[in-house]
There are 2 protein chains.
Amino acid sequence: MLRGERTRAAVLEHAIGIASVEGLDGLSIGRLAAELEVSKSGVFARFGSKEELQLATVAAAREVFVDAVVRPAFEAPPGLARLWRLCAGWLTYSRERIFPGGCFFASAAAEYDARPGRIRDAVAAALTDWSSTLARAAEDARQLGQLESTCDIRQLTFELAALVDAANARSVLHGDDSAYDLARTGVRTRLLALATDQDALPD
Amino acid sequence: MLRGERTRAAVLEHAIGIASVEGLDGLSIGRLAAELEVSKSGVFARFGSKEELQLATVAAAREVFVDAVVRPAFEAPPGLARLWRLCAGWLTYSRERIFPGGCFFASAAAEYDARPGRIRDAVAAALTDWSSTLARAAEDARQLGQLESTCDIRQLTFELAALVDAANARSVLHGDDSAYDLARTGVRTRLLALATDQDALPD
DNA sequence: CCCCTTTGTGAACGATCGTGCTAAATCCTT
DNA sequence: AAGGATTTAGCACGATCGTTCACAAAGGGG
């Protein structure tokens, strides 16, 4: 009962790395088994089907993301400081290649967005979760009087997410890390334009 | 010499549709042959290898994109009007699903961004081309005095591209077409903030 | 220490993949 | 209409895919 969990974790650790580079479809049980030097059926039996393996990979990646981005940001107080740390932390998460192929969910979303099914649903749920976290932090900031009361939270969070996603895409595709500076500048400009007190924005 | 071109075009037309949904890797010669009701080797022989087929698909998609977005925008005069039509046209191109899976290059870029090779290079070149077109239009606007002379063209075009890409991603993944309105609002806000004459921005 | 459950192995299956090869069908030229 | 070149069909190959099944190894509880 302990051994099983250990190999399962080892499989998923490799799987998220492969999937972030080659895609969730590029995950093959045979390849996974070969690289981990175990038998193919050993890997297979642990998940029951390829789709289940893919879903488990998405869930594992979600935990990695939360640990890398969300959890640290929640050390900051609710409101503008937390919102900023979510964005800045996301940029760091992408730049440091927590997943070797850049943001796991950016890859997975693009791969499955037009293909209905459980995988797409799982990826969409993860991204909805991220959007909500961002929106919640922005709404807190507004209600705390740190952002102008008239500001459109949906518009703001859409733009923030767009900027950080674009930085990830450009960095991975073109190897151009200046995109992170552009995104950072964009995020700060957006926040400063709506902030009631410029000094409430850290860094 | 005519027959060959005709089937080649038919293959590529189907290929771009499949690839925009299932990815360039999801393209299989056998499937393509079955759906077009021709022989597998007939399809294969026309391209010589799968990679060559994929590269031809990227090239074909590029032409579709130029026809749908770039060419119409170039009917507008250089400068702010053209820049706006590039962005607005891109949003229409995505919303109308010129490719069934949303923007072909958003999919292809996410699929190959972390995998070196000729396909990645072709996709990257197409996106660089698009970025340059956007930047050129913005620079024209600046030199024509339609945008403030101090504005950062790289920052502006990065943000414009980020907004329209995010709208595509969100619409395809979540079926949420309000993203196009958010992107449109974001683009106009960015342009109006830098425009020297608010009435120079059409629509 | 033995038994029984959990966990992993090994071989095999049908399917599909990309890729050659050989012939037949089709087209264009003369 | 005939001949030569292009284009497509048909078949076979090795490889890899996901999946199944019968069996061996290992583990912990009585």
Side-chain angles (χ1 to χ4, degrees), chain A residues 1-60 108 111-112 115-120 122, chain B residues 1-60 108 111-112 115-120 122:
Chain A
M1 191 165 287
L2 214 147
R3 195 150 122 77
E5 275 308 313
R6 201 147 32 88
T7 64
R8 184 188 158 95
V11 169
L12 289 178
E13 192 180 330
H14 267 69
I16 59 180
I18 295 179
S20 85
V21 173
E22 320 253 4
L24 278 165
D25 262 352
L27 262 188
S28 95
I29 295 176
R31 176 179 169 184
L32 223 33
E35 294 189 4
L36 291 168
E37 288 173 328
V38 294
S39 76
K40 209 168 66 155
S41 29
V43 174
F44 179 86
R46 195 122 305 274
F47 296 93
S49 74
K50 176 168 185 183
E51 190 179 44
E52 221 63 49
L53 164 64
Q54 292 170 310
L55 290 170
T57 304
V58 172
E111 189 179 2
Y112 278 90
R115 287 193 265 175
R118 299 210 292 154
I119 300 179
R120 169 209 169 126
Chain B
M1 190 167 283
L2 214 147
R3 197 148 120 78
E5 275 309 313
R6 197 145 35 86
T7 65
R8 184 189 159 95
V11 168
L12 289 178
E13 191 180 329
H14 267 69
I16 58 181
I18 294 178
S20 84
V21 172
E22 320 253 4
L24 277 165
D25 262 353
L27 262 189
S28 96
I29 295 176
R31 177 179 169 185
L32 223 33
E35 294 189 2
L36 291 169
E37 289 173 325
V38 293
S39 77
K40 212 169 63 156
S41 31
V43 173
F44 179 82
R46 195 121 305 276
F47 297 93
S49 75
K50 176 169 184 181
E51 191 180 43
E52 221 62 49
L53 165 64
Q54 292 170 309
L55 290 170
T57 303
V58 173
E111 189 179 3
Y112 278 91
R115 288 193 264 174
R118 300 209 292 154
I119 299 178
R120 171 210 167 124

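Since this is a predicted model, take the numbers as computed values, not measurements. Both backbone and side-chain heavy atoms feed into the values below; hydrogens, waters and symmetry mates do not. Every chain is numbered from 1 and lettered A, B, ... according to where its sequence line falls, protein lines coming before strand lines.
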Chemist: Below the 4.0 Å mark, does dT16(D) have OP1 or OP2 next to a side-chain nitrogen or oxygen of Arg31(A)?
Modeler: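 Arg31(A) to dT16(D) OP1/OP2: no side-chain N or O under 4.0 Å.
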Chemist: Which atom names give the shortest non-hydrogen contact between Ile18(A) and Glu35(A), and what distance separates them?
Modeler: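 Looking at all heavy atoms of both residues, the shortest contact is CD1-OE1, 3.8 Å.
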Chemist: Let me know the distance between CZ of Phe44(B) and P of dC13(D), rounded to the nearest Å.
Modeler: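 Interatomic distance, CZ of Phe44(B) to P of dC13(D): 18 Å.
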Chemist: Considering only side-chain heavy atoms of Ser49(A), which listed nucleotide, dT19(D), dT8(D), dG20(C), is closest?
Modeler: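 Given the options dT19(D), dT8(D), dG20(C), the side chain of Ser49(A) is closest to dT19(D).
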Chemist: Which heavy atom in Ala56(A) sits nearest to a heavy atom in Phe47(A), and how many Å separate them?
Modeler: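 Heavy atoms only, the tightest pair is CB-CE2, 3.8 Å.
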Chemist: Is it true that a side-chain atom of Arg115(B) and a backbone atom of Glu111(B) form a donor plus acceptor pair closer than 3.5 Å?
Modeler: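 Yes; judged by distance alone, with no hydrogens or angles, the pair exists.
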Chemist: Which pair of non-hydrogen atoms, one from Lys50(B) and one from Asp25(B), has the smallest distance, and what is that distance?
Modeler: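 The answer is NZ-O, 3.3 Å.
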Chemist: How long is the line joining CD of Glu52(A) and C1' of dT19(D), in whole Å?
Modeler: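 Taking atom C1' of dT19(D) as the reference, CD of Glu52(A) is at 14 Å.
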Chemist: Starting at atom NZ of Lys40(B), determine the distance to atom C1' of dG20(C), rounded to an integer number of angstrom.
Modeler: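 Computing the Lys40(B):NZ to dG20(C):C1' distance gives 11 Å.
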Chemist: OP1 or OP2 of dT8(D) less than 4.0 angstrom from a side-chain nitrogen or oxygen of Ser41(B), does that happen here?
Modeler: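 No, no such contact exists.
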Chemist: Of all the choices, dT9(C), dG18(D), dC17(C), which nucleotide is nearest to the side chain of Val38(A) once you look at every atom?
Modeler: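 Selected nucleotide (nearest to the side chain): dT9(C).
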Chemist: Need to verify one output field. Residue with the more 5' nearest nucleotide on DNA chain C, Glu37(A) or Ile29(B)?
Modeler: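 Its nearest nucleotide lies further toward 5', so the answer is Glu37(A).
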Chemist: Return the stems involving DNA chain C, sorted by first number, where pairs are Watson-Crick (N1-N3 with N6-O4 or O6-N4) or G-U wobble (N1-O2 and O6-N3), both under 3.5 Å, and runs are 3 or more long.
Modeler: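 Only these stems qualify: C:3-27 with D:4-28.
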Chemist: Before accepting this row, confirm whether a basic side-chain N of the pair Glu52(B)/Arg118(B) lies closer than 4.0 Å to the acidic partner's carboxylate O.
Modeler: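 Arg118(B) and Glu52(B): salt-bridged.
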Chemist: Among residues at least two apart in sequence or on other chains, which ones pass salt bridge (Lys or Arg N to Asp or Glu O under 4.0 Å) with Glu13(B)?
Modeler: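 So Glu13(B) forms no salt bridge (Lys or Arg N to Asp or Glu O under 4.0 Å) with any residue.
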Chemist: From dG20(C), dA9(D), dC17(C), pick the nucleotide closest to the side chain of Ser39(B)?
Modeler: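 Of all the options, the side chain of Ser39(B) is nearest to dA9(D).
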Chemist: Checking the side chain of Lys40(B) only, and the main-chain atoms of Arg31(B) only, is there a donor and an acceptor separated by less than 3.5 Å?
Modeler: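 Side chain of Lys40(B) to backbone of Arg31(B), a donor-acceptor pair under 3.5 Å: no, none is there.
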Chemist: Can you measure Arg6(A) atom CZ to dT6(C) atom P for me and round it to whole angstrom units?
Modeler: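 It is 18 Å, rounded to the nearest whole Å.
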Chemist: Would you mind telling me which of dG20(C), dT8(D), dG18(D) lies closest to the side-chain atoms of Thr7(B)?
Modeler: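 The nucleotide sitting nearest to the side chain is dT8(D).
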Chemist: Taking atom P of dG18(D) as reference, at what distance in whole Å does atom CG of Leu53(A) sit?
Modeler: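 Taking CG of Leu53(A) and P of dG18(D), I get 9 Å after rounding.
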Chemist: How close or far is atom P of dG18(D) from atom CZ of Phe47(A), stated in whole angstroms?
Modeler: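 Rounded to whole Å, this separation is 13 Å.
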Chemist: What's the closest nucleotide to the side chain of Arg46(A) if the choices are dG8(C), dT8(D), dC17(D)?
Modeler: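 Nearest to the side chain of Arg46(A) among the choices is dG8(C).
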Chemist: Would you mind telling me which residue lines up with the more 5' stretch of DNA chain D, Gly42(B) or Gly30(A), judged by nearest nucleotide?
Modeler: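 So the residue in question is Gly42(B).
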Chemist: Tell me the interatomic distance from Leu32(A), atom CG, to dT19(D), atom P, rounded to whole angstroms.
Modeler: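 After rounding, the gap between these two atoms is 14 Å.
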